[in-house]
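Here is the structure we will look at, set down as structure tokens.
Chain identifiers are assigned alphabetically (A, B, ...) following the order of the sequence lines, protein sequences preceding nucleic acid strands; residue numbering begins at 1 within each chain.
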2 protein chains.
Amino acid sequence: MATISDVAALAGVSTATVSRVLNGKSTVDTELVSRVREAARALDYRPNTVARNLRRRDSSVLSLVISDVENPFFTAVARGVEDTARAAGYSVLLGNSDEDPDKERAYLELAGQAQTAGVVLSPTGPGTALPEGTPPVVAVDRPLPGGRHDAVLVDTRSAARLATQHLLDQGYQRVACLTGPPGVHTAEDRLAGYREALAGRPELVRRSEFKAAGARQASELLFGERDRPDAVLVANSAMAIGLLETLAQQGLRIGEDVGVVSFDDVPWASLVHPALTVVRQPAHEIGRRAAGLLLDRIGSVRGEAHTVVLAAELVVRGSSTREV
Amino acid sequence: MATISDVAALAGVSTATVSRVLNGKSTVDTELVSRVREAARALDYRPNTVARNLRRRDSSVLSLVISDVENPFFTAVARGVEDTARAAGYSVLLGNSDEDPDKERAYLELAGQAQTAGVVLSPTGPGTALPEGTPPVVAVDRPLPGGRHDAVLVDTRSAARLATQHLLDQGYQRVACLTGPPGVHTAEDRLAGYREALAGRPELVRRSEFKAAGARQASELLFGERDRPDAVLVANSAMAIGLLETLAQQGLRIGEDVGVVSFDDVPWASLVHPALTVVRQPAHEIGRRAAGLLLDRIGSVRGEAHTVVLAAELVVRGSSTREV
DNA sequence: TTGAAAGCGCTAACAA
DNA sequence: TTGTTAGCGCTTTCAA
């Protein structure tokens with residue numbers, strides 16, 4: 001690979017001039033500009049971004065640390081981040097923390113050491129701490145403890161309340177809530193919304209990790225008991241899979257025997273029968289807004305932390321009604 | 001952030017000694033080792049990987065350029081890559097080419113300029129060219145033209161043949177193939193397998209991009225014609241969504257009226273009714289093998305290109321049989 | 001075993 | 001407008 005000195009030598013100028021031409025800084029004689037351009041082309045020169053970043057003490061890559069790459073919600077967030085990052089000339093380094101605080105920490109360390117310009121992070125839990133040297137952070141989906149950081153969240157509590165209320169309105173009597181692990185903000189928030197809607201009715205709560213396997217186990221317990229629920233609010237789409245598998249296995253008809261509302265609209269929601277009623281979160285927009293906030297923060301270090309709270313939308317389909 | 005000089009100053013040694021201690025190179029007096037260690041801890045020192053990479057002229061990050069982050073197949077490949085990369089002390093820079101050769105090129109440029117140690121790439125198409133300065137590459141899912149690069153592929157042609165044969169064996173008469181864009185290797189391969197199984201019977205081929213929307217359009221055309229197919233082999237899970245939506249809309253019963261086999265086993269395949277018969281590709285293993293090949297290649301620059309071809313498995317469920 | 005010194009490729013003061 | 005020079009933070013000869 002040709003270096004800047006090779007280009008300078010071929011063009012008969014100093015490396016400083018080459019740098020100026022290539023970065024469009026200050027003004028350079030048009031004659032020299034074309035000589036440099038030509039030399040660069042002739043040598044098929046590409047600037048070494050590592051060297052550039054070292055010198056400039058920043059870079060044009062953002063880190064994105066998410067808790068589950070196989071979750072379509074986070075995948076859509078990632079696209080949102082990538083889209084606005086790209087438009088601003090940034091690229092995105094993705095890390096999958098897999099809900100593991102150790103992995104999360106490793107990726108945050110990397111973000112700092114690798115001179116990443118900033119990070120979009122969906123924290124694994126309340127224990128998330130930012131290592132020394134971490135660049136500006138925007139939290140998504142879940143807030144960072146301390147509230148000193150920008151965040152893009154969803155009003156998932158109201159959504160859970162509305163969803164639960166909807167099930168009650170449809171005549172379901174024993175509405176259960178299948179939510180995520182204790183301490184995880186989204187899990188607690190959805191649970192809180194559920195409780196609000198219940199308004200004193202007996203509650204029926206089960207927890208598992210945000211994966212299909214855990215939700216299947218929890219569902220089996222839930223429906224193995226004497227006082228079965230006749231409706232379930234489930235906290236994400238992976239868990240919905242575990243729940244629906246269990247219902248099918250037990251011969252329970254969705255909608256008719258058991259009303260279901262799941263968080264996250266997924267492409268297959270309309271393909272199951274009856275179609276799945278969901279709480280649709282604006283995942284792509286979350287990513288776009290987060291990247292936007294981060295870019296602002298990188299541009300000018302203003303003080304206050306901004307928290308953007310987006311609304312979720314209840315999309316009613318067949319799984320939450322008996323009038324099929 | 002503390003630098004290596006700060007540590008050296010505090011420990012009363014040279015930066016060279018600090019470097020030696022931190023990298024475990026050559027032998028350093030135990031006394032000095034502990035002084036350096038302590039100084040590093042006191043200052044909460046973290047090496048600047050950018051500077052290190054510049055000097056060492058390599059790095060411990062791999063690039064992964066895939067053609068669609070929202071496709072569960074590629075997401076699973078990504079996990080495979082990440083898992084083995086992490087185990088070897090590498091991290092992964094993800095780029096989403098979105099089937100766009102320009103984006104792909106941009107990410108490949110980045111991989112080279114950012115001194116990435118290697119790249120795992122699912123090429124967008126036959127036009128994919130590697131820019132000057134691209135590190136070692138291993139192709140996944142689709143081969144790179146020229147055959148000079150390592151690749152991890154799936155024998156998708158045999159799988160398509162078997163899947164088609166299975167539909168014929170089940171008594172379907174007019175089997176159609178809904179495949180990807182012309183020139184895309186996987187699209188052509190699956191089509192070829194379909195044709196082999198047809199063995200002279202009239203073929204019925206439609207193409208679209210590998211997305212739900214395109215497949216829906218194509219399906220509408222396919223089922224709007226006089227001579228409708230009574231079975232379809234569809235080339236990926238996103239396209240399957242478009243197809244199933246169309247069938248539902250037209251009131252056609254899956255399995256009974258129209259047999260369906262789709263590529264890629266997805267979590268929701270068993271939730272639709274009847275459950276979806278699929279060709280299961282070992283996505284996670286593809287990722288693991290690709291990362292393994294890449295790490296080998298990075299370790300020692302041996303000549304020959306290796307191509308690993310993995311088998312796919314037909315998983316028969318209800319959508320491809322009439323005996324529901 | 002240790003330190004001095006050079007330099008990875010680039011950018012940014014500072015002079016000219 | 002251009003070139004000279006001094007680093008960014010680290011690793012690695014080369015001497016001592």
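- For B:Glu132 and A:Arg46, the salt-bridge test fails: no basic side-chain N is under 4.0 Å from an acidic carboxylate O.
- In this structure, the CZ atom of A:Arg46 is 18 Å from the C1' atom of C:dC10, given to the nearest Å.
- Contacts of B:Leu10 classified as side chain to side chain contact (heavy atoms under 4.5 Å, CB included), with partners at least two apart in sequence or in another chain: B:Ala39, B:Ala42, B:Leu43.
- For the contact set between residues 29-42 of chain A and DNA chain D, defined by any heavy atom under 4.0 Å, the members are A:Asp29, A:Leu32.
- Residue A:Gln115 contributes atom CD, which lies 15 Å from atom P of C:dT11 at whole-angstrom precision.
- If you measure from atom NZ of A:Lys25 to atom P of D:dT2, you get 17 Å, rounded to the nearest angstrom.
- A salt bridge is absent between A:Glu82 and A:Arg86: the closest approach of a Lys/Arg side-chain nitrogen to an acidic carboxylate oxygen does not fall below 4.0 angstrom.
- Remark: A:Arg142 engages A:Glu99 in a salt bridge, criterion side-chain N to carboxylate O under 4.0 Å.
- Between A:Asp83 and A:Arg288, no side-chain nitrogen of the basic residue sits less than 4.0 Å from a carboxylate oxygen of the acidic one, so the salt-bridge criterion is not met.
- For the pair B:Gln113 CD and C:dC10 C1', the computed distance is 13 Å after rounding to whole Å.
- Within residues 16-23 of chain A, the residues that have a heavy atom under 4.0 Å from DNA chain D are, in order of number, A:Ala16, A:Thr17, A:Arg20.
- Partners of A:Ser14 under the side chain to side chain contact (heavy atoms under 4.5 Å, CB included) rule, at least two apart in sequence or in another chain, are A:Ala16, A:Thr17.
- Within the 4.0 Å cut-off from OP1 or OP2 of C:dT2, not a single side-chain nitrogen or oxygen of B:Ser14 is found.
- No hydrogens or angles considered: a donor-acceptor pair under 3.5 Å links the side chains of B:Ser67 and B:Ser122.
- Applying a 4.0 Å cut-off to non-hydrogen atoms, the residues of residues 47-56 of chain A that approach DNA chain C are A:Pro47, A:Asn48, A:Ala51, A:Arg52, A:Arg55, A:Arg56, listed by residue number.
- A side-chain contact (heavy atoms from CB on, under 4.5 Å) with A:Val308 is found for exactly one of A:Val140, A:Val154, A:Leu293, namely A:Leu293.
- Judged by the 6.0 Å and 45° rule, B:Arg79 forms no cation-pi pair with B:Phe74.
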Under 3.5 Å, sequence neighbours excluded: what are the donor-acceptor pairs made by side chains of residues 1-8 of chain A?
from: A:Thr3; atom 1: OG1; to: A:Ser5; atom 2: N; distance (Å): 3.2
from: A:Asp6; atom 1: OD2; to: A:Thr3; atom 2: N; distance (Å): 2.8

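- Using modelled atom types, one side-chain atom of B:Asp29 and one backbone atom of B:Glu31 make a donor-acceptor pair closer than 3.5 Å.
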